[in-house]
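Heads up, the thing below is written out as structure tokens.
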Amino acid sequence: MAIKPFASSADLGDKQETLEILADGVYALTAEGDPNVGAIEAEDFIIAFEARATPKAAQDWLALLREHTDKPVKYLVLSHYHAVRVLGASAFDAETIIAHESTKMLIEERGQQDWESEFGRMPRLFREPEGIPGLTHPDVVFDSRIEIPLGGERGSLVLEHCGRGHTAGDIVAWLPKHKILFAGDLVEAQAALYTGDAFHFDWSSQTLDKVKSYQADILVGGRGAVARGNDAVNAAIEQTRGFLTGMLDTVGAVHKRGGTLKEAFEETHKLLAPKFGAWPIFEHCLPFDVKRLWDEFEGKDWPEIWTAKKDREVWDALQD
């Protein structure tokens with residue numbers, strides 16, 4: 001059997017980017033399974049949600065947004081710390097960058113290693129990487145909840161930490177007036193999950209329960225199509241939960257019987273591939289997902305730091 005190309009290193013084809021207007025002044029950019037981003041207009045400023053992997057990639061998004069509004073970006077919100085979500089921040093020229101306090105800590109603890117890791121795994125997302133000025137550091141951090149008034153009749157935007165999930169510091173952006181939720185990578189719509197820095201037990205239970213409790217009518221996940229209608233929103237949430245619980249059940253059973261990490265990966269792949277295997281980044285993610293979950297079953301609560309070297313070691317051991 002031929003060895004699969006490393007992670008997404010062979011995924012070099014362009015993706016179609018689509019700007020969608022979800023409500024008056026509420027925008028999302030989807031890209032056929034690449035990371036989604038969003039923006040919310042206030043009365044005289046913009047709140048951008050996610051920064052993309054490089055300033056060039058962020059500029060491409062902003063050029064589309066500028067066809068609809070010329071308001072300045074006052075706030076840039078980082079849903080979590082991963083490089084493909086934060087390193088394009090300089091392009092927004094935002095007054096303030098907002099993130100959860102755990103995201104700030106994770107950037108300081110492992111931001112450089114994560115940058116190098118993700119660049120090796122997903123080179124196509126790093127358009128003109130030489131333009132990245134350095135790590136992105138938030139100006140304002142919070143623990144639980146922040147509310148930003150949008151002015152006029154626009155209501156407010158609520159930023160909230162729903163619990164540990166995709167990382168320790170994921171936050172969502174909630175527009176109560178429109179019942180629109182930007183969920184970041186806590187939810188994916190027909191895209192595989194990356195869980196290499198996750199807390200599977202928390203994420204699959206109380207964290208997703210909190211996400212579901214918003215009862216959103218529109219949900220923008222981290223990847224995949226926008227979910228429209230409460231039934232579609234709940235389906236996306238439960239699809240995400242199903243991926244996690246399938247991993248938990250399978251890896252847990254192998255670990256309990258004294259099996260190996262390789263066996264856990266193979267059995268998890270066999271279980272999930274029929275439903276999720278054709279979805280974006282499934283083959284890329286699963287080795288790293290299973291390794292992190294195995295570590296949790298081994299009693300390692302805090303995720304190990306992924307490096308380019310560790311990525312290759314895990315890939316070579318599992319995804320052949």
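- Here the NE2 atom belonging to His100 is positioned 10.0 Å from the CG atom belonging to Leu106, to the nearest 0.5 angstrom.
- Geometric assessment of Lys310 against the ring of Trp306 yields a positive cation-pi assignment under the 6.0 Å and 45° thresholds.
- When all heavy atoms of Gly259 and Trp294 are compared, the closest pair comes out as O-CH2, 3.3 Å.
- Shown here is Lys177, whose NZ atom has more than 12 heavy atoms of other residues, nucleotides or ligands within 6.0 Å.
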Worksheet item: Under the side chain to side chain contact (heavy atoms under 4.5 Å, CB included) criterion, do Leu159 and Ile98 qualify, and how do the steps go?
Response: CA-CA 9 Å; Leu159 305 177; Ile98 303 174; 4.0 Å; yes
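- Note: Glu95 CD to Tyr75 OH = 7.5 Å, rounded to the nearest 0.5 Å.
- Side chains of Thr30 and Asn36: a donor-acceptor N/O pair is absent below 3.5 angstrom, by distance only.
- Closest approach of Leu318 to Lys262, counting heavy atoms only: O-NZ, 3.1 Å.
- Each of Asp197, Asp170, Asp202 was compared with Arg164 under the salt bridge (charged side-chain N to carboxylate O under 4.0 Å, His left out) criterion, and only Asp202 meets it.
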Discussion item. Is there a side chain to side chain contact (heavy atoms under 4.5 Å, CB included) between Ile47 and Leu150? Walk through the geometry before answering.
Written reply: CA-CA 9 Å; Ile47 302 166; Leu150 301 177; 3.7 Å; yes
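- Residues Leu78 and Ile148 do not share a hydrophobic cluster, defined by chaining ILVMFWY side chains whose heavy atoms lie under 4.5 Å apart.
- Closest of all the heavy-atom pairs between Gly196 and Asp289 is N-OD1, 3.7 Å.
- In summary, the side chains of Tyr194 and Arg121 do present a donor paired with an acceptor at a separation below 3.5 Å, with no hydrogens or angles considered.
- Side chains of Leu65 and Ile46 form a contact here, defined as non-hydrogen atoms less than 4.5 Å apart.
- Linking ILVMFWY side-chain heavy atoms closer than 4.5 Å, directly or via other members, places Leu29 and Leu87 in a single hydrophobic cluster.
- Following chains of ILVMFWY side-chain contacts shorter than 4.5 Å, one cannot reach Ile171 starting from Met105, and the two form parts of different hydrophobic clusters.
- Between Glu160 atom CD and Asp143 atom CG the span is 11.0 Å, to the nearest 0.5 Å.
- Stacking of Arg85 on the aromatic ring of Phe49 is not recorded, the 6.0 Å distance cut-off and the 45° axial limit not both being met.
- Ring centroid separation for the pair Trp279 and Phe276 comes in under the 6.0 Å cut-off.
- A distance-only check finds no donor-acceptor pair linking the side chain of Lys71 to the backbone of Glu41 [under 3.5 Å].
- In this pair, His68 and Tyr27 present their aromatic rings tilted. The plane angle is within the 30 to 60° band.
- A 4.5 Å side-chain heavy-atom check between Trp61 and Glu50 finds every atom pair outside the cut-off.
- To the nearest 0.5 Å, atom CZ of residue Arg241 and atom CD of residue Gln239 are 12.5 Å apart.
- Although no hydrogens or angles enter the test, the distance criterion places a donor-acceptor pair under 3.5 Å between the side chain of Gln215 and the main chain of Lys212.
- Using a 4.0 Å cut-off between charged side-chain N and carboxylate O, Glu266 and Lys270 make no salt bridge.
- Applying the side chain to side chain contact (heavy atoms under 4.5 Å, CB included) test between Val86 and each of Thr136, Leu135, Ile97 identifies Thr136 as the sole match.
- Within the 4.5 Å cutoff, the side chain of Ile180 has heavy atoms near those of the Phe182 side chain.
- Counting only heavy atoms from C-beta outward, the side chains of Leu208 and Leu244 approach each other to under 4.5 Å.
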Worksheet item: After noting the C-alpha distance and the side-chain angles of Asp311 and Ser117, does the key distance pass the side chain to side chain donor-acceptor pair (under 3.5 Å) rule?
Response: CA-CA 7 Å; Asp311 289 351; Ser117 167; 2.5 Å; yes
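- Using a 4.5 Å heavy-atom cutoff, the side chains of Ile21 and Val26 are not in contact.
- The pair Glu296-Lys300 does not count as a salt bridge, with every side-chain nitrogen at least 4.0 angstrom from each carboxylate oxygen.
- A donor-acceptor pair shorter than 3.5 Å can be found between the side chains of Ser156 and Glu147.
- Two different hydrophobic clusters hold Phe6 and Phe119 under the rule that ILVMFWY side chains link at heavy-atom gaps under 4.5 Å.
- Between Arg228 and Glu20 a salt bridge is recorded (basic side-chain N to carboxylate O distance below 4.0 Å).
- Here the side chains of Leu22 and His178 are not in contact, with every heavy-atom distance at 4.5 Å or above.
- In the model, His284 has a side-chain atom that pairs as donor or acceptor with a side-chain atom of Ser8 under 3.5 Å.
- More than 12 heavy-atom neighbours from other residues, nucleotides or ligands sit within 6.0 angstrom of CD on Glu130.
- Rounding to the nearest 0.5 angstrom, the gap separating the OG1 atom in Thr245 from the CZ atom in Phe201 is 12.0 Å.
- Grouping the Ile, Leu, Val, Met, Phe, Trp and Tyr side chains by contacts below 4.5 angstrom, directly or via other members, places Leu76 apart from Ile40.
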Worksheet item: Do Gln59 and Phe92 pass the side chain to side chain contact (heavy atoms under 4.5 Å, CB included) test, and can you show the C-alpha distance, the side-chain angles, and the key distance before you say yes or no?
Response: CA-CA 8 Å; Gln59 288 162 7; Phe92 292 84; over 6 Å; no
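- The distance from atom OG1 of Thr240 to atom CD of Gln190, rounded to the nearest 0.5 Å, is 11.0 Å.
- For Phe282, the ring pair (Phe, Tyr, Trp, His ring centres under 6.0 Å) criterion is met by His269, not counting sequence neighbours.
- A donor-acceptor contact shorter than 3.5 Å links the side chain of Thr268 to the backbone of Ala264.
- Side-chain contact between Ile281 and Arg223 is present, with at least one heavy-atom pair separated by less than 4.5 Å.
- The pair Asp34-Arg124 meets the salt-bridge criterion, since a charged nitrogen lies less than 4.0 angstrom from a carboxylate oxygen.
- Across every non-hydrogen atom of Ala83 and Phe126, the tightest pair is CB-CZ, 4.3 Å.
- By the salt bridge (charged side-chain N to carboxylate O under 4.0 Å, His left out) test, Arg127 is found to be paired with Glu17, Asp60, residues two or more places apart in sequence or in another chain being considered.
- In this structure, a donor-acceptor pair under 3.5 Å is present between the side chains of His255 and Glu298.
- Judged by distance alone, with hydrogens and angles left aside, the side-chain atoms of Glu32 form a donor-acceptor pair with the main-chain N or O of Gln16 at under 3.5 Å.
- Closest non-hydrogen pair, Val84 versus Glu118, comes out as CG1-OE1, 3.1 Å.
- Ring geometry for His82 against His166 counts as perpendicular: the plane angle is over 60°, on a 0 to 90° scale with 30° as the lower cut.
- Residues His200 and Thr195 are in side-chain contact: their nearest non-hydrogen atoms beyond the backbone lie under 4.5 Å apart.
- Remark: Asp70 does not engage Arg66 in a salt bridge, criterion side-chain N to carboxylate O under 4.0 Å.
- Under the ring-ring contact (aromatic ring centres under 6.0 Å, His included) criterion, the residue pairs touching residues 205-230 are Trp174-Tyr214, with sequence neighbours excluded.
- Gly33 and Pro280 make their closest contact through CA-CG, 3.8 Å (heavy atoms, listed as atom of the first residue, atom of the second, distance).
- Here the side chain of Arg52 pairs no donor or acceptor atom with the backbone of Gly88 at under 3.5 angstrom.
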